[in-house]
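Below is one structure, written out as structure tokens; the observations come after it.
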Amino acid sequence: MFFPFLIVVFICSCSNNQQTKASDFKALNQSLSISNDRLKTQNDSLYKILQLKLADEKTAQAAVLWFAKAQYLQYRTTEIYTYLQTSISNLKSDSILNNPDTLYEKLNFYKDKILRIDPDIYNAINKNATVITHYLDSAKQNKSERFDALFSKKSKEEQLYILNQTLNNIEAIENKTLLFCNSKIN
């Protein structure tokens, strides 16, 4: 009689643990969304500052060069940001996640394009330009398989967390790059 009781307690505790885990990921996702919004607002302000430097006679010559680079950054960031937001919306509406291989390729393409904007940008942000995770960036082989493993057998909340964290990484890279561009204009 005691043994079945343990099984019921074990099953209930596992079920409760899954609910707690889902709740924890929901809270993390909300926190990341707030952080993403704040970074986006700060980045928008940094673009406006660059635009003001472009209009100022004292800084216009240097601003022309760095503003053009920032515009390219903005184009690439908007492109990947939109793709990630679509993936998040699809997941939230109980659709399936976009193909992880495609997502992985798009994220690598983004990072490569941002780092190639300018050699000085590459030198300034490359160490901290983590788009996905340090785990994948440090992998020597099968990065695509490791990326697939990030999503396989994960709950919807866990997948949303990964996508929100990736969005946060994108916003942080954009922020670091914009701060660098602004610093180059005296």
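Start at 1 with the first residue, then count along the sequence.
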Minimum heavy-atom separation for [X] to [Y], with atom names?
| X | Y | answer |
| --- | --- | --- |
| K92 | K156 | O-NZ, 3.4 Å |
| A63 | I185 | CA-CD1, 3.5 Å |
| F67 | Y47 | CE1-O, 4.3 Å |
| I170 | I80 | CG2-CG2, 3.9 Å |
| K40 | Y81 | CD-OH, 3.8 Å |

key: Partner residues of S155 under the side-chain hydrogen bond (donor to acceptor under 3.5 Å, both in side chains) criterion, sequence neighbours left out   =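 Result, side-chain hydrogen bond (donor to acceptor under 3.5 Å, both in side chains) vs S155: E158.
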Would you compute the distance between atom [atom1] of [X] and atom [atom2] of [Y] and round it to the nearest 0.5 angstrom?
| X | Y | atom1 | atom2 | result |
| --- | --- | --- | --- | --- |
| I173 | L115 | CD1 | CG | 7.5 Å |
| D44 | L39 | CG | CG | 11.0 Å |
| L107 | Y104 | CG | OH | 9.0 Å |
| K69 | L50 | NZ | CG | 12.5 Å |
| D118 | L73 | CG | CG | 12.0 Å |
| T41 | N36 | OG1 | CG | 10.5 Å |

Side-chain donor or acceptor of [X] paired with backbone N/O of [Y] under 3.5 Å:
| X | Y | result |
| --- | --- | --- |
| N126 | Y122 | no |
| N168 | N164 | no |
| S31 | A27 | no |
| K176 | N128 | yes |
| K111 | A129 | yes |
| N175 | E171 | no |

* Is V64 linked to Y72 within one hydrophobic cluster, defined over Ile, Leu, Val, Met, Phe, Trp and Tyr using a side-chain heavy-atom separation of less than 4.5 Å? -> yes
| query | Same cluster for L65 and I121 if Ile/Leu/Val/Met/Phe/Trp/Tyr side chains link at under 4.5 Å? | reply |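 Hydrophobic grouping puts L65 with I121.
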For a 4.5 angstrom cut-off between non-hydrogen side-chain atoms, does [X] reach [Y]?
| X | Y | value |
| --- | --- | --- |
| I114 | I125 | yes |
| Q85 | I88 | yes |
| N182 | W66 | no |
| L103 | T166 | no |
| L52 | T59 | no |

Donor-acceptor pair between Q165 and N169 side chains, under 3.5 angstrom: yes
Kindly confirm or rule out a cation-pi arrangement of K154 over F25, judged by NZ or CZ under 6.0 Å from the six-membered ring centre and within 45° of its axis?
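Checked: cation-pi criterion not met.
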Apply side-chain contact (heavy atoms from CB on, under 4.5 Å) to L32 and L167, showing your working. CA-CA 9 Å; L32 277 171; L167 264 180; over 6 Å; no
Sorted by chain and number, sequence neighbours left out, side-chain contact (heavy atoms from CB on, under 4.5 Å) with T78 holds for Q74, T82
Among residues at least two apart in sequence or on other chains, which ones pass side-chain contact (heavy atoms from CB on, under 4.5 Å) with K26?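 Only E157 meet the side-chain contact (heavy atoms from CB on, under 4.5 Å) criterion with K26.
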Could you go step by step and tell me if Y83 and E79 meet the side-chain contact (heavy atoms from CB on, under 4.5 Å) rule? CA-CA 6 Å; Y83 186 82; E79 185 178 57; over 6 Å; no
